[in-house]
Visitor: 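Please find one structure pasted underneath; my questions will follow.
Whatever order the structure lists ligands and atoms in, that order sets their numbers, starting from 1.
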Amino acid sequence: MGEVGSRYDLRGDRSPDAPDTGSFAGTESQVGWIHSYETGSTVDGPGVRVVLFMAGCLLRCLYCHNPDTWHLKDGTRIELGRAVRRLANFAPALRSMGGGLTISGGEPLVQTAFTHGLFAAAKRMGLHTALDTSGFLGARASDDYLTNVDLVLLDIKSGDPETYRRATGAELEPTLHFARRLAALGKPVWVRFVLVPGLTDDPANIEAVAKFVGPMPNVEWVEVLPFHQMGEFKWKALGLDYRLATTPTPTDAQVESALAIFRRAGCRAR
Ligand code: SF4
(Lines give C-alpha, C1' and ligand atoms only; values in the text may rest on other atoms or scores of the structure.)
Protein backbone atom coordinates (compact mmCIF):
# COMPACT_ATOMS: atom_id res chain seq x y z
CA MET A 1 0.00 0.00 0.00
CA GLY A 2 1.28 3.55 0.54
CA GLU A 3 3.64 4.25 3.34
CA VAL A 4 3.31 2.50 6.62
CA GLY A 5 3.01 5.08 9.34
CA SER A 6 0.50 6.55 11.67
CA ARG A 7 -2.69 8.50 11.29
CA TYR A 8 -0.88 11.24 13.19
CA ASP A 9 1.90 11.67 10.62
CA LEU A 10 1.56 14.86 8.58
CA ARG A 11 1.47 14.09 4.85
CA GLY A 12 0.90 16.50 2.01
CA ASP A 13 1.26 17.25 -1.69
CA ARG A 14 2.33 13.72 -2.61
CA SER A 15 0.37 13.68 -5.88
CA PRO A 16 -0.03 17.20 -7.28
CA ASP A 17 -1.65 15.80 -10.45
CA ALA A 18 -4.46 13.97 -8.59
CA PRO A 19 -8.06 14.92 -9.48
CA ASP A 20 -9.86 17.65 -7.59
CA THR A 21 -11.54 15.98 -4.62
CA GLY A 22 -14.83 17.91 -4.83
CA SER A 23 -15.52 16.93 -8.45
CA PHE A 24 -14.08 13.39 -8.26
CA ALA A 25 -16.86 10.86 -8.92
CA GLY A 26 -15.04 7.96 -7.27
CA THR A 27 -15.24 5.80 -10.37
CA GLU A 28 -11.49 5.17 -10.81
CA SER A 29 -11.03 1.61 -9.64
CA GLN A 30 -7.44 0.72 -10.51
CA VAL A 31 -5.66 3.67 -8.91
CA GLY A 32 -6.10 5.18 -5.47
CA TRP A 33 -4.63 7.93 -3.33
CA ILE A 34 -3.68 6.90 0.18
CA HIS A 35 -2.58 8.89 3.21
CA SER A 36 -0.98 6.05 5.18
CA TYR A 37 -1.70 2.74 6.82
CA GLU A 38 -1.21 1.29 10.26
CA THR A 39 -0.77 -2.28 11.33
CA GLY A 40 -1.75 -3.71 14.70
CA SER A 41 -4.77 -1.52 15.49
CA THR A 42 -7.16 -3.04 18.03
CA VAL A 43 -9.74 -0.22 18.14
CA ASP A 44 -11.00 0.01 14.55
CA GLY A 45 -13.06 -3.17 14.41
CA PRO A 46 -12.71 -6.66 15.91
CA GLY A 47 -9.34 -8.34 16.38
CA VAL A 48 -6.03 -6.97 15.19
CA ARG A 49 -6.32 -4.92 12.02
CA VAL A 50 -4.60 -3.17 9.19
CA VAL A 51 -6.13 0.29 8.91
CA LEU A 52 -5.82 2.10 5.63
CA PHE A 53 -6.33 5.86 5.58
CA MET A 54 -7.62 7.05 2.22
CA ALA A 55 -7.10 10.58 0.96
CA GLY A 56 -10.14 12.72 0.16
CA CYS A 57 -12.99 14.05 2.30
CA LEU A 58 -15.82 16.48 1.59
CA LEU A 59 -16.56 17.31 5.22
CA ARG A 60 -14.64 19.92 7.18
CA CYS A 61 -15.04 18.86 10.80
CA LEU A 62 -13.77 21.56 13.15
CA TYR A 63 -12.11 18.83 15.23
CA CYS A 64 -10.65 16.82 12.34
CA HIS A 65 -7.40 15.11 13.42
CA ASN A 66 -6.32 14.61 9.85
CA PRO A 67 -6.89 17.69 7.67
CA ASP A 68 -3.99 16.37 5.57
CA THR A 69 -6.41 13.72 4.27
CA TRP A 70 -8.92 16.18 2.80
CA HIS A 71 -7.46 16.34 -0.71
CA LEU A 72 -6.61 13.49 -3.07
CA LYS A 73 -3.48 15.39 -4.09
CA ASP A 74 -2.10 15.01 -0.57
CA GLY A 75 -2.21 11.22 -0.80
CA THR A 76 0.29 8.81 -2.35
CA ARG A 77 -0.89 7.36 -5.67
CA ILE A 78 -1.03 3.56 -5.70
CA GLU A 79 -2.20 0.87 -8.12
CA LEU A 80 -4.96 -1.38 -6.78
CA GLY A 81 -2.95 -4.49 -7.65
CA ARG A 82 -0.05 -3.31 -5.51
CA ALA A 83 -2.32 -2.51 -2.57
CA VAL A 84 -3.89 -5.98 -2.86
CA ARG A 85 -0.47 -7.69 -2.93
CA ARG A 86 0.63 -5.71 0.13
CA LEU A 87 -2.57 -6.66 1.97
CA ALA A 88 -2.03 -10.32 1.02
CA ASN A 89 1.30 -10.24 2.92
CA PHE A 90 -0.59 -9.42 6.11
CA ALA A 91 -3.57 -11.70 5.49
CA PRO A 92 -2.35 -14.88 7.27
CA ALA A 93 -1.45 -12.94 10.44
CA LEU A 94 -4.71 -10.97 10.36
CA ARG A 95 -6.75 -14.15 9.95
CA SER A 96 -4.96 -15.86 12.82
CA MET A 97 -5.59 -12.84 15.11
CA GLY A 98 -9.30 -12.67 14.26
CA GLY A 99 -8.78 -9.31 12.60
CA GLY A 100 -8.97 -7.87 9.15
CA LEU A 101 -8.94 -4.72 7.07
CA THR A 102 -10.46 -1.39 8.07
CA ILE A 103 -10.60 1.35 5.45
CA SER A 104 -10.77 4.80 6.98
CA GLY A 105 -9.73 8.26 5.94
CA GLY A 106 -10.40 10.90 5.02
CA GLU A 107 -13.55 9.37 3.63
CA PRO A 108 -13.28 5.97 1.90
CA LEU A 109 -16.41 6.62 -0.17
CA VAL A 110 -14.73 9.48 -2.03
CA GLN A 111 -12.78 6.72 -3.81
CA THR A 112 -15.72 4.36 -4.06
CA ALA A 113 -14.56 2.11 -6.89
CA PHE A 114 -11.02 1.71 -5.52
CA THR A 115 -12.16 0.87 -1.99
CA HIS A 116 -14.78 -1.48 -3.44
CA GLY A 117 -12.00 -3.35 -5.24
CA LEU A 118 -9.89 -3.55 -2.11
CA PHE A 119 -12.76 -4.77 0.08
CA ALA A 120 -13.65 -7.42 -2.50
CA ALA A 121 -10.01 -8.58 -2.55
CA ALA A 122 -9.93 -8.69 1.26
CA LYS A 123 -13.06 -10.85 1.30
CA ARG A 124 -11.45 -13.23 -1.21
CA MET A 125 -8.56 -13.52 1.29
CA GLY A 126 -11.03 -14.48 4.01
CA LEU A 127 -10.56 -11.26 5.97
CA HIS A 128 -13.10 -9.41 8.06
CA THR A 129 -13.72 -5.97 6.53
CA ALA A 130 -14.78 -2.68 8.10
CA LEU A 131 -15.68 0.63 6.49
CA ASP A 132 -15.05 3.71 8.66
CA THR A 133 -17.25 6.47 7.22
CA SER A 134 -19.18 9.63 8.02
CA GLY A 135 -22.00 8.25 5.86
CA PHE A 136 -22.21 11.57 4.02
CA LEU A 137 -21.52 9.78 0.71
CA GLY A 138 -23.41 6.64 1.70
CA ALA A 139 -25.48 6.83 -1.49
CA ARG A 140 -22.29 5.98 -3.40
CA ALA A 141 -22.02 2.60 -1.67
CA SER A 142 -24.11 0.17 -3.73
CA ASP A 143 -25.62 -2.93 -2.13
CA ASP A 144 -22.88 -4.86 -3.94
CA TYR A 145 -20.26 -2.61 -2.31
CA LEU A 146 -21.79 -3.32 1.09
CA THR A 147 -21.81 -7.07 0.44
CA ASN A 148 -18.03 -6.88 0.80
CA VAL A 149 -18.22 -4.93 4.07
CA ASP A 150 -18.79 -6.90 7.30
CA LEU A 151 -19.00 -3.92 9.65
CA VAL A 152 -19.62 -0.21 9.23
CA LEU A 153 -18.04 2.19 11.71
CA LEU A 154 -20.50 5.03 11.23
CA ASP A 155 -19.61 8.47 12.57
CA ILE A 156 -22.79 10.29 13.48
CA LYS A 157 -21.24 13.55 14.45
CA SER A 158 -24.40 15.20 15.81
CA GLY A 159 -28.12 14.57 16.12
CA ASP A 160 -29.18 18.16 15.62
CA PRO A 161 -28.90 19.23 11.94
CA GLU A 162 -27.74 22.76 12.84
CA THR A 163 -25.01 21.44 15.16
CA TYR A 164 -23.99 18.94 12.48
CA ARG A 165 -23.65 21.81 9.99
CA ARG A 166 -21.60 23.85 12.44
CA ALA A 167 -19.33 20.91 13.28
CA THR A 168 -18.81 19.55 9.74
CA GLY A 169 -19.88 22.19 7.21
CA ALA A 170 -22.30 19.62 5.72
CA GLU A 171 -25.85 18.31 6.05
CA LEU A 172 -26.81 15.55 8.50
CA GLU A 173 -29.58 13.92 6.45
CA PRO A 174 -27.37 11.85 4.06
CA THR A 175 -25.81 10.14 7.09
CA LEU A 176 -29.20 9.38 8.66
CA HIS A 177 -30.43 8.07 5.32
CA PHE A 178 -27.40 5.76 5.09
CA ALA A 179 -27.93 4.59 8.68
CA ARG A 180 -31.56 3.69 7.90
CA ARG A 181 -30.40 1.78 4.83
CA LEU A 182 -27.82 -0.17 6.85
CA ALA A 183 -30.54 -0.99 9.39
CA ALA A 184 -32.83 -2.25 6.62
CA LEU A 185 -29.97 -4.42 5.30
CA GLY A 186 -29.22 -5.73 8.80
CA LYS A 187 -25.58 -4.66 8.36
CA PRO A 188 -23.61 -4.62 11.64
CA VAL A 189 -22.74 -1.06 12.68
CA TRP A 190 -20.67 0.53 15.42
CA VAL A 191 -21.79 4.14 15.75
CA ARG A 192 -19.08 6.60 16.72
CA PHE A 193 -19.79 9.90 18.37
CA VAL A 194 -17.02 12.41 19.07
CA LEU A 195 -17.77 14.31 22.27
CA VAL A 196 -16.51 17.87 21.84
CA PRO A 197 -17.13 20.23 24.79
CA GLY A 198 -19.01 23.32 23.65
CA LEU A 199 -19.72 21.86 20.21
CA THR A 200 -21.43 18.44 20.32
CA ASP A 201 -21.97 17.92 24.06
CA ASP A 202 -25.42 19.46 24.45
CA PRO A 203 -27.49 16.65 26.02
CA ALA A 204 -30.31 17.30 23.52
CA ASN A 205 -27.86 16.82 20.67
CA ILE A 206 -26.56 13.54 22.11
CA GLU A 207 -30.08 12.39 22.86
CA ALA A 208 -31.12 12.97 19.25
CA VAL A 209 -28.40 10.53 18.11
CA ALA A 210 -29.29 8.10 20.91
CA LYS A 211 -33.00 8.07 20.08
CA PHE A 212 -32.24 7.60 16.40
CA VAL A 213 -29.93 4.59 16.81
CA GLY A 214 -31.45 3.09 19.97
CA PRO A 215 -34.16 1.14 18.09
CA MET A 216 -31.74 -0.21 15.45
CA PRO A 217 -30.89 -3.86 16.24
CA ASN A 218 -27.98 -3.83 13.75
CA VAL A 219 -26.14 -1.21 15.86
CA GLU A 220 -23.90 -3.39 18.01
CA TRP A 221 -22.07 -0.60 19.80
CA VAL A 222 -22.12 3.13 20.27
CA GLU A 223 -18.62 4.39 20.99
CA VAL A 224 -18.16 7.79 22.58
CA LEU A 225 -14.80 9.19 21.55
CA PRO A 226 -13.51 12.07 23.65
CA PHE A 227 -12.21 15.02 21.64
CA HIS A 228 -8.47 15.56 21.92
CA GLN A 229 -6.00 18.07 20.55
CA MET A 230 -3.76 15.64 18.68
CA GLY A 231 -4.64 17.11 15.28
CA GLU A 232 -3.90 20.72 16.18
CA PHE A 233 -0.36 20.76 14.84
CA LYS A 234 -1.57 19.66 11.41
CA TRP A 235 -4.02 22.57 11.14
CA LYS A 236 -1.21 24.96 12.01
CA ALA A 237 1.29 23.32 9.65
CA LEU A 238 -1.25 23.53 6.81
CA GLY A 239 -2.03 27.19 7.55
CA LEU A 240 -5.67 26.37 8.40
CA ASP A 241 -7.80 28.28 10.87
CA TYR A 242 -8.10 25.95 13.87
CA ARG A 243 -11.05 27.11 15.96
CA LEU A 244 -10.88 24.59 18.82
CA ALA A 245 -7.48 25.62 20.24
CA THR A 246 -9.01 26.39 23.64
CA THR A 247 -11.47 23.47 23.69
CA PRO A 248 -10.65 21.07 26.54
CA THR A 249 -10.68 17.29 26.41
CA PRO A 250 -13.94 16.14 28.06
CA THR A 251 -13.66 14.94 31.64
CA ASP A 252 -14.42 11.32 32.55
CA ALA A 253 -17.69 12.56 34.09
CA GLN A 254 -18.72 14.24 30.82
CA VAL A 255 -17.95 11.05 28.90
CA GLU A 256 -19.95 9.04 31.45
CA SER A 257 -22.98 11.35 31.10
CA ALA A 258 -22.88 10.97 27.32
CA LEU A 259 -22.67 7.18 27.70
CA ALA A 260 -25.61 7.29 30.12
CA ILE A 261 -27.75 9.11 27.55
CA PHE A 262 -27.01 6.41 24.98
CA ARG A 263 -27.67 3.61 27.47
CA ARG A 264 -30.99 5.12 28.54
CA ALA A 265 -32.04 5.01 24.88
CA GLY A 266 -31.30 1.28 24.81
CA CYS A 267 -27.84 1.39 23.17
CA ARG A 268 -24.88 -0.73 24.15
CA ALA A 269 -22.40 2.09 24.68
CA ARG A 270 -18.71 2.23 25.63
S1 SF4 B 1 -15.11 13.25 8.17
FE2 SF4 B 1 -13.22 12.61 9.19
S3 SF4 B 1 -11.56 13.14 7.74
FE4 SF4 B 1 -13.40 14.23 7.08
S5 SF4 B 1 -13.21 16.26 8.02
FE6 SF4 B 1 -14.45 14.98 9.40
S7 SF4 B 1 -13.01 14.09 10.86
FE8 SF4 B 1 -11.81 14.88 9.11
Visitor: Give the numbers and elements of all ligand 1 atoms closer than 4.0 Å to a heavy atom of C64.
Guide: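 Reading through ligand 1 atom by atom, the close ones are 3 (S), 5 (S), 7 (S), 8 (Fe).
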Visitor: Flag the pair R77 and D17 as a salt bridge only when some basic side-chain nitrogen lies within less than 4.0 angstrom of an acidic carboxylate oxygen.
Guide: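 Judged by the 4.0 Å cut-off on N to carboxylate O distance, R77 and D17 do not form a salt bridge.
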Visitor: Hydrophobic clusters here meaning ILVMFWY residues chained together by side-chain heavy-atom distances under 4.5 Å, can you tell me if L127 and M97 are in one?
Guide: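 No, separate clusters.
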Visitor: Tell me, which protein residue and heavy-atom name are nearest atom 3 (S) of ligand 1, and how many Å apart are they?
Guide: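 Protein heavy atom at minimum distance: G106 N, 3.5 Å.
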Visitor: Touching ligand 1 at all, N66? Heavy atoms, strictly under 4.0 Å?
Guide: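 No, N66 has no heavy atoms under 4.0 Å from ligand 1.
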Visitor: Using a 4.5 Å cut-off on heavy atoms from C-beta on, say whether the side chain of T21 contacts that of W70.
Guide: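 No, side chains not in contact.
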Visitor: Just let me know how W70 lines up against ligand 1, side chain, backbone, both or neither, with a heavy-atom cut-off below 4.0 Å.
Guide: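 Side chain only.
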Visitor: Give a yes or no on whether K211 atom NZ has more than 12 heavy-atom contacts from other residues, nucleotides or ligands under 6.0 Å away.
Guide: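 No, NZ of K211 has 12 or fewer neighbouring heavy atoms, counting only those of other groups under 6.0 Å.
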Visitor: Against heavy atoms of C61, which atoms of ligand 1 measure under 4.0 Å?
Guide: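 Contacts of ligand 1 toward C61, numbered from 1: 1 (S), 5 (S), 6 (Fe), 7 (S).
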Visitor: Would you say the side chains of N66 and T69 form a donor-acceptor pair under 3.5 Å?
Guide: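 Judged by distance alone, the side chains do not pair up.
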Visitor: Restricting to N/O/S atoms, is C57 within less than 2.8 Å of atom 6 (Fe) of ligand 1 or not?
Guide: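 Under 2.8 Å: C57 has no N, O or S contact with atom 6 (Fe) of ligand 1.
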Visitor: In terms of side-chain heavy atoms, does S158 have a donor or acceptor partner in N205 at a distance below 3.5 Å?
Guide: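 The criterion, which ignores hydrogens and geometry beyond distance, is satisfied for N205 and S158.
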Visitor: Can you name the atoms of ligand 1, numbered from 1 with element, that are less than 4.0 Å from a heavy atom of K157?
Guide: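 In order of numbering, the contacting atoms are 1 (S), 6 (Fe), 7 (S).
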